[in-house]
There are 2 protein chains.
Amino acid sequence: MPKKIIIADDHPISGKGMEAILKSLGLNVIGLHTNGLRAFNDICLQKPEYALLDMQMPGMSGLDILEKIRAKNIKTKIIIYTMFTDISIFKQAKELHADGYLLKEFATDDLKACIRALEKNERWYNPKLLEKLNKSKTAFSSELYNELTLKERAVLKCVANNMSTKEISLEQFISERTVETHRRNIRNKLNLSKKNNALLVWALENKEFFSLMD
Amino acid sequence: MPKKIIIADDHPISGKGMEAILKSLGLNVIGLHTNGLRAFNDICLQKPEYALLDMQMPGMSGLDILEKIRAKNIKTKIIIYTMFTDISIFKQAKELHADGYLLKEFATDDLKACIRALEKNERWYNPKLLEKLNKSKTAFSSELYNELTLKERAVLKCVANNMSTKEISLEQFISERTVETHRRNIRNKLNLSKKNNALLVWALENKEFFSLMD
DNA sequence: ATGCGACTAAGGGGTAACCCTTAGTTTTAG
DNA sequence: CTAAAACTAAGGGTTACCCCTTAGTCGCAT
C-alpha cells in the first residue's frame, strides 16, 4: 500500500511540482495546501505517514507546524524544505527533530534520497547544510569575549562596523598605534587565526552576539 | 477611555514586565498570551487598539500574526518587538507595515515613544534599527548580482569564504592579477564603496543569498 | 609600596588589498 | 563576419592591516 503524504507550500506551482515528484516516487498525495494552518489541521486529522512542509508560508511556517505536530505526539514524519540555506532555521529544525530537511533547488534528488532514508526509519538532511553547520564551529564564545577589556570591546564594535584603524582612533580618542595594539590583543585573546582580516570576519559573524552586550 | 492592548510574549516574565510598563502608560491590558495562535485569536475577537507582539514565539511569530491581522483587515495597530537587531526581520516587519518596532533592551523608552507616536497616528521604529537599515544600502540586489559573470560569481563565493587572492588564484586556475581584476569588476558592478574590505564585508553579509545560487 | 592590569604609544618591517591603465585571447551574439 | 562581452594578464603605485618588540602612565589591591 502506498504511503500517504500531505504537502504544504505557499507557492502553488512549487507545490504542484512536489506533488508530481512524490507521485513518481510511488507516494499517495492526500493533501496539498497553500496555508500553514490548514495543512496543520489536515495533518492532525488524517495523520499521514509523511508531511512535506515549506518554510516560507503565511500564517504558520513549516517549523511552526513541526513543533505543534511534535507536541501533539502525532507520528507523521515531517520533512521541511526551504529556498535558502539559512543555517539558523536548519538548526532549529534539527533541534525539533525534523525527519528531513531539503533545499528547494535540489528538490528532485533530495526528495528521492530523503524518502528512501525515511523508509529505512532514518533521518535525512541536505548534505550541504550539514557540512555548513559543521564548518560554522567558529561559534561565539562568551567566555573568551568576557576576557576582553572595556576598551577592547569598544574597538571590537568599531571593527564590526568595518571602521578603519584611523576612523576608530578618531572616534575613541586614541592614536592609531593604540588601536593596532588593541586589535592584536583582541585577536590573541580570541585565539583567531593569523589570516588576513580574521578579526573582521569574526566580528561580522558574531556581531549579533556582542553588539548589544555591556 | 483608556486604549486597549493585547500582549503576546513567549517569556512570561518579559510579558509581565511589558504589562507593567503599559499600565503605567495608562493603557488597558486586556490580554496576555504566551502562545502566538491564542494571541492571534484573541486579537481577532477583541479587536483592541493595539497589540504588542514578541517575535520569538512558538507556533506563530509576531510577524506571522502581523501578516494575518493585516490580511483580515483588522484595524488593531501592531507593535513588534525582538531581542536581537536582526535587520532582515525588521525589514519584513516594515514591509508588512508594522505600526511599531521595538528592541527588548530599550523596552521602557521605546514603548513610551512608540505609544506616543501611535496616538498621533504615526508609525514608530527603533532608531538604531532605522539607522542600521539605512547604512545597509549594501543590501542584496539580485539585479546587480545578475550582472556578474560566471567567473566573477565564482570569485565572489571565494571572497565570501575569506579566501585570499592567492588562494583564489590557485583554486580557480587563474593568475593573481586576474583575480584582482575580477575583484575590481565585481566591486564596480555592485557599486560598493571604495572603503577597504568593502567587498569582503558585502560578501559576508550577503553570503546567504548567493551561496547556493547558479 | 610595589606590582599587576589596563591603557596608552611608537619603531620598523611585511603582506594583502585596493587604485589606475593597457591589452591580448576567447566566446558569443547579431 | 564582426563587434561586443568575457576572460585573461600585467605594470606601477598607495593604503591598511598585521607582525614583533619596547615602554611610559595610571589606578587599584595585597
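The figures here come from the full heavy-atom set of this structure, side chains too, leaving out hydrogens, waters and symmetry mates. Here is the naming used below: chain letters follow the sequence lines, and residue numbers restart at 1 for every chain.
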(request) Starting at atom CD of Glu180(A), determine the distance to atom P of dA10(C), rounded to an integer number of angstrom. (result) 11 Å
(message) Taking any heavy-atom pair under 4.0 Å as a contact, classify Arg184(B): base, sugar-phosphate, or nothing.
(response) base
(message) I want to check one thing: is the phosphate of dA16(C), taken as OP1 and OP2, less than 4.0 Å away from some side-chain N or O of Ser164(B)?
(response) no
(request) Let me know the distance between CZ of Phe173(A) and P of dC7(C), rounded to the nearest Å. (result) 16 Å
(message) For a quick test of reading the model: is some side-chain N or O of His182(A) closer than 4.0 Å to OP1 or OP2 of dC7(C)?
(response) no
(message) I need the CH2-P distance between Trp202(A) and dC17(D), as an integer number of Å.
(response) 18 Å
(message) Between Lys157(A) and Glu171(A), does any side-chain N to carboxylate O distance fall below 4.0 Å?
(response) no
(message) Minimum heavy-atom separation for Asp54(A) and Thr82(A), please, with both atom names.
(response) OD1-CA, 4.5 Å
(message) Within this structure, what is the CZ-CD distance for the pair Arg153(B) and Glu147(B), rounded to the nearest 0.5 Å?
(response) 10.0 Å
(request) Kindly say if Thr149(B) contacts the phosphate of dA6(D), meaning a side-chain N or O under 4.0 Å from OP1 or OP2. (result) no
(message) It should be established whether Thr181(B) places a side-chain nitrogen or oxygen under 4.0 Å from OP1 or OP2 of nucleotide dT8(D).
(response) no
(message) With a 4.0 Å limit, can you tell me whether Lys166(A) has a side-chain N or O closer than that to the phosphate oxygens OP1/OP2 of dA16(D)?
(response) no
(request) Show your reasoning for whether side chain to side chain contact (heavy atoms under 4.5 Å, CB included) applies to Leu148(B) and Asn185(B). (result) CA-CA 9 Å; Leu148(B) 299 184; Asn185(B) 291 337; over 6 Å; no
(request) Find the distance Gln172(A):CD to dA9(C):P and express it as a whole number of Å. (result) 12 Å
(message) Need to verify one output field. Residue with the more 5' nearest nucleotide on DNA chain D, Asn196(B) or Glu152(B)?
(response) Glu152(B)
(request) Would you mind classifying the nucleic acid contact of Glu176(B) as base, sugar-phosphate or nothing, using non-hydrogen atoms under 4.0 angstrom? (result) nothing
(message) At less than 4.0 Å, is any side-chain N or O atom of Thr165(A) found next to OP1 or OP2 of dA16(D)? Yes or no.
(response) no
(message) Tell me the interatomic distance from Leu170(A), atom CG, to dT8(C), atom P, rounded to whole angstroms.
(response) 14 Å
(request) Rounded off to whole Å, could you give me the CG-to-P distance for the Asn188(B) and dC7(D) pair? (result) 15 Å
(request) Return yes if a side-chain donor-acceptor contact under 3.5 Å exists between Asp9(A) and Tyr81(A), otherwise no. (result) yes
(request) Compare side-chain N and O positions of Thr178(A) against OP1 and OP2 of dA10(C) and report whether any pair is under 4.0 Å apart. (result) no
(request) State which of dC17(D), dC7(D), dT8(C) makes the closest approach to the side chain of Asn197(A). (result) dC17(D)
(message) For a quick check, tell me whether the side chain of Arg177(B) and the base of dG12(D) share a donor-acceptor pair closer than 3.5 Å.
(response) yes
(request) Tell me which nucleotide among dC18(D), dC7(C), dT8(D) gets nearest to the side chain of Leu150(A). (result) dC7(C)
(request) Round to a whole Å and report the spacing from NZ of Lys151(B) to P of dT25(C). (result) 19 Å
(request) May I ask you to verify if any side-chain N or O of Arg183(B) is less than 4.0 angstrom from the OP1 or OP2 atom of dC18(C)? (result) yes
(request) Would you kindly give the CD1-to-C1' distance between Ile168(B) and dC7(D), to the nearest whole Å? (result) 16 Å
(request) State plainly whether the residues Glu180(A) and Arg183(A) are in salt-bridge range, i.e. N to O under 4.0 Å. (result) no
